[in-house]
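Okay, structure first, notes after.
None of these values were measured; they are calculated from a predicted model.
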Number of protein chains: 2
Amino acid sequence: MKRPTMKDVARAAGVSPMTVSRVVSGEAGVAPGTAARVEQAVRRLGYQGNDNARHLRQKDPGTATIGLVVDDLANPFYAFMARSVEDEAHRRGYVVLVGSTNDEPRREREVIAAFTARQVDGLILVPTVGGHGFLRQPMRAGTRVVCVDRPARGLAVDTALARHGLRSRTQARAALDALRELPQPPTAAFTSNDVITLGVLDGAGGPGHVAVVGFDDLPLGERLDPPLTVVSQDPVALGGTAATLLFSRIDGDRSAPRSVVLLTRFVARGAGGAPSGTPGPPG
Amino acid sequence: MKRPTMKDVARAAGVSPMTVSRVVSGEAGVAPGTAARVEQAVRRLGYQGNDNARHLRQKDPGTATIGLVVDDLANPFYAFMARSVEDEAHRRGYVVLVGSTNDEPRREREVIAAFTARQVDGLILVPTVGGHGFLRQPMRAGTRVVCVDRPARGLAVDTALARHGLRSRTQARAALDALRELPQPPTAAFTSNDVITLGVLDGAGGPGHVAVVGFDDLPLGERLDPPLTVVSQDPVALGGTAATLLFSRIDGDRSAPRSVVLLTRFVARGAGGAPSGTPGPPG
DNA sequence: TTGAAAGCGCTAACAA
DNA sequence: TTGTTAGCGCTTTCAA
C-alpha cells in the first residue's frame with residue numbers, strides 16, 4: 001500500500017490538490033463545507049503530508065531539522081547534552097539527527113555530509129582533531145554551525161605522562177597500568193572524561209595507589225571511597241546554550257562569530273583539595 | 001549565497017543537468033573528458049546533492065533515514081542503545097533521527113509524526129504507556145517499526161509498596177523516603193532503571209537500611225559498599241538487535257511479526273543472592 | 001472561494 | 001554519449 005498523496009485526497013474529496021493544500025496548512029479562505037469534506041478524506045485515507053516535498057518548494061527556507069555531532073553518544077556527558085539539545089529543538093518544532101564521530105575525522109566528515117545532504121538548517125558539532133575546511137561550503141550555503149569545544153582541548157601538556165586518544169574504560173585502565181610500570185610512576189591522575197575516569201579508577205588501587213581527579217562528574221562519584229574529586233561541567237547547560245545559539249542564528253542573527261564560555265566547578269571530595277563548589281575558570 | 005544546484009553545475013560545465021546527474025551518481029557512459037569538466041565544476045562551486053529531492057524522485061524507495069524514539073536519551077541505558085543503533089545505521093549509510101518521549105504519549109505522537117512526515121524508512125521505538133493505533137497508518141504505508149519493550153513492563157505487581165512513573169533521581173529518593181515512613185517499611189527495594197537506582201541509593205542508608213537490587217547495571221556499581229546487586233541488561237545488544245531486525249524489514253523481509261527476547265544476567269554482588277552471572281528469564 | 005500552470009532539485013524513460 | 005521530456009509531492013502565483 002502506497003502512502004496517499006495530496007492528489008489522492010483531492011480526488012477523494014472532489015476538489016483540486018490546491019484546496020487540499022490550503023486545508024492541511026490551515027490557510028483561510030476555504031468554504032467550511034469544502035474544508036470539512038477535505039478533512040474527512042484526510043482522515044479516511046490516513047493522509048500525512050510529505051515534509052521533504054513541502055520544504056523543497058516552500059518559499060521560506062529550512063527543513064526544521066538540525067544535526068548534532070558528538071564524539072560518542074553513549075558517553076553520559078554527550079548523552080545529557082544531546083537530550084538538552086533535543087528538548088530545545090522539540091520545543092521549536094525541530095527534529096534532531098544525531099551522529100557519533102568516535103573522534104575519527106573521516107567518520108565526522110561522512111556524518112556531516114549525510115546531514116547537509118538532507119538540508120539540515122544547522123549543526124551542533126563537537127569537533128574531532130581533524131581540520132574543518134569542509135564546513136566552509138555548507139556554511140556559505142546557509143547552514144549555521146555551533147561548535148562545542150571538547151572538555152579536554154588545550155588542557156593537558158603533552159608530557160611523557162600524558163596519554164591521549166583512549167577510547168574506552170579498558171584502554172584507560174591499560175594505559176594507567178603501563179604508566180605505573182614506569183621508574184617514576186605517577187602519584188595522581190587527571191582524567192578528561194568519565195569513561196576514562198572509570199578505567200583509571202579500575203587500576204588506581206593497590207600498593208602506592210594513585211589519586212584521581214576527574215573532569216566531568218559521575219553519578220555515584222560521591223559514594224566512592226575515597227570520594228571522587230572532579231572538575232564538574234554541566235552538559236545540560238552546554239547543550240542548552242549551544243542550541244539557543246544555533247537557533248538564534250537560524251532565526252536570522254548575523255552578528256560576528258561568538259565564543260561563549262561556561263564556568264566549571266571544582267568539587268573536591270578527597271583530602272587536600274580546594275573548597276567544594278568553587279567556581280573556577282573553564283578547562 | 002544560495003546552495004548551488006545541479007543546474008548551476010550544468011551551466012558551469014556546459015552540459016545538461018542530466019549529465020551532471022550521471023557523473024555525481026557514478027553512472028557509466030559519460031565521456032571521460034565531459035566527466036572531468038563536470039567534476040571540476042562540482043568542486044569549484046562546492047556542489048552537494050540534495051538528498052531530499054533525490055529521494056522524492058528516485059524509483060527505489062526510501063530516504064536512508066530511520067527514527068529512534070526512546071524514553072530519555074540522557075538515561076545511560078538508552079544512550080548506549082542509541083549509540084549501538086547509530087553504529088549499525090552508519091555502517092549501512094543511514095542516518096538517525098532521535099527523540100525522547102519522557103514517557104508522555106503526547107510527545108511520543110508528536111515526535112513520531114515529525115519523523116514519518118520526513119519519510120523515515122523505519123522506526124525503533126520504546127513505547128510509552130499510551131495506545132499506538134496511530135502507528136497503523138505509517139506501517140501500512142511502508143514504514144517498518146521495531147518496538148523495544150521497556151525493562152520494567154509487566155514486571156512489578158502494583159501493590160501498596162510499588163511506585164511507578166518516577167522521572168528523576170530526586171523523585172525516586174523522595175518516593176523511597178515516603179515508603180520508609182510507612183508502618184511496615186520495606187526492607188529491600190527493586191528498581192527498574194539506573195536513574196531510579198541512584199535515587200534509591202541516596203535514601204537507602206541509615207538505621208534499618210534498605211537493600212537495593214537494580215535493573216540495569218551502573219558503572220561503578222561494583223565499587224559501592226555494599227556492592228550493588230543488579231539484574232543486568234545489555235543495551236548495546238538490545239540496540240544492535242533492534243537495528244538488525246529493522247534493517248532486515250527495510251531490506252524486504254515480510255515475514256510475520258516476530259518477538260526477540262534477550263537474556264538478562266543476575267549479578268549478585270551483595271550477600272544472599274544467586275551466583276553471579278546466572279542467565280535468567282527476561283523481565 | 002477555487003483551480004490551473006509552473007517549478008523546487010532531482011531522476012526515469014525515452015529519444016537522438 | 002548526450003539531451004529532452006515528464007513528473008516525484010508539494011506550494012507559489014496568478015487567473016477565474
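- Within the 4.0 angstrom heavy-atom criterion, only backbone atoms of the sugar-phosphate kind lie near B/T34; the bases stay farther away.
- For the side-chain hydrogen bond (donor to acceptor under 3.5 Å, both in side chains) with B/T128, the lone residue among B/R109, B/E108, B/R106, B/E104 that qualifies is B/E108.
- Look at CG on A/D60: it is 16 Å from C1' on D/dT13, rounded to the nearest Å.
- Among C/dC10, D/dC10, C/dG9, the nucleotide with an atom closest to any side-chain atom of A/M6 is D/dC10.
- We find that CE of A/M18 is positioned 12 Å from P of C/dA4, with the value rounded to whole Å.
- Heavy-atom nearest nucleotides on DNA chain D were determined for A/D51 and for B/V15, and the one closer to the 5' end corresponds to B/V15.
- Ion pairing between B/D251 and B/R92 holds under the 4.0 Å rule for side-chain N and carboxylate O.
- For the pair B/S21 and C/dT11, the criterion of a side-chain N or O lying under 4.0 Å from OP1 or OP2 is met.
- Checking C/dG7, D/dT13, C/dC14 against the side-chain heavy atoms of A/R57 singles out C/dG7 as nearest.
- Where B/K7 and A/G14 meet DNA chain C, the nucleotide closest to each residue was compared, and A/G14 sits on the side nearer the 5' end.
- Residue B/K2 has a polar side-chain atom (N or O) positioned under 4.0 Å from OP1 or OP2 of C/dG9.
- A/R3 contributes no side-chain N or O that forms a donor-acceptor pair with the base of D/dG9 under 3.5 Å.
- The residues B/D87 and B/R83 are annotated as salt-bridged, a charged nitrogen and a carboxylate oxygen being separated by less than 4.0 angstrom.
- For the pair B/H55 NE2 and C/dC10 P, the computed distance is 12 Å after rounding to whole Å.
- Taking atom NZ of residue B/K59 and atom C1' of nucleotide C/dA12, one finds them 7 Å apart after rounding to whole Å.
- Each of C/dA12, C/dT2, D/dT4 was ranked by its minimum atom distance to the side chain of B/Q58; first place goes to C/dA12.
- When the side-chain nitrogen and oxygen atoms of A/T19 are compared with OP1 and OP2 of C/dG3, one or more of them lie within a distance under 4.0 Å.
- In this structure, A/R107 does not pair ionically with A/E110, as no charged nitrogen and carboxylate oxygen lie closer than 4.0 Å.
- Set against D/dT2, C/dT11, D/dT13, the side chain of B/A31 has D/dT2 as its closest nucleotide.
- Between B/Q119 atom CD and C/dC10 atom C1' there is a gap of 16 Å when expressed in whole angstrom units.
- Put simply, CG on B/N50 is 14 Å from C1' on C/dG7, counting in whole angstrom units.
- For B/R37 and D/dT2, the CZ to C1' distance is 11 Å, given to the nearest whole Å.
- Whole-Å rounding puts the A/N52 CG to C/dC10 P distance at 14 Å.
- Residues A/E27 and A/L56 each lie close to DNA chain D; by heavy-atom proximity, the contact nearer the 5' end of the strand is made by A/L56.
- A salt bridge does not link A/R249 to A/D121: none of the charged nitrogens lies less than 4.0 Å from a carboxylate oxygen.
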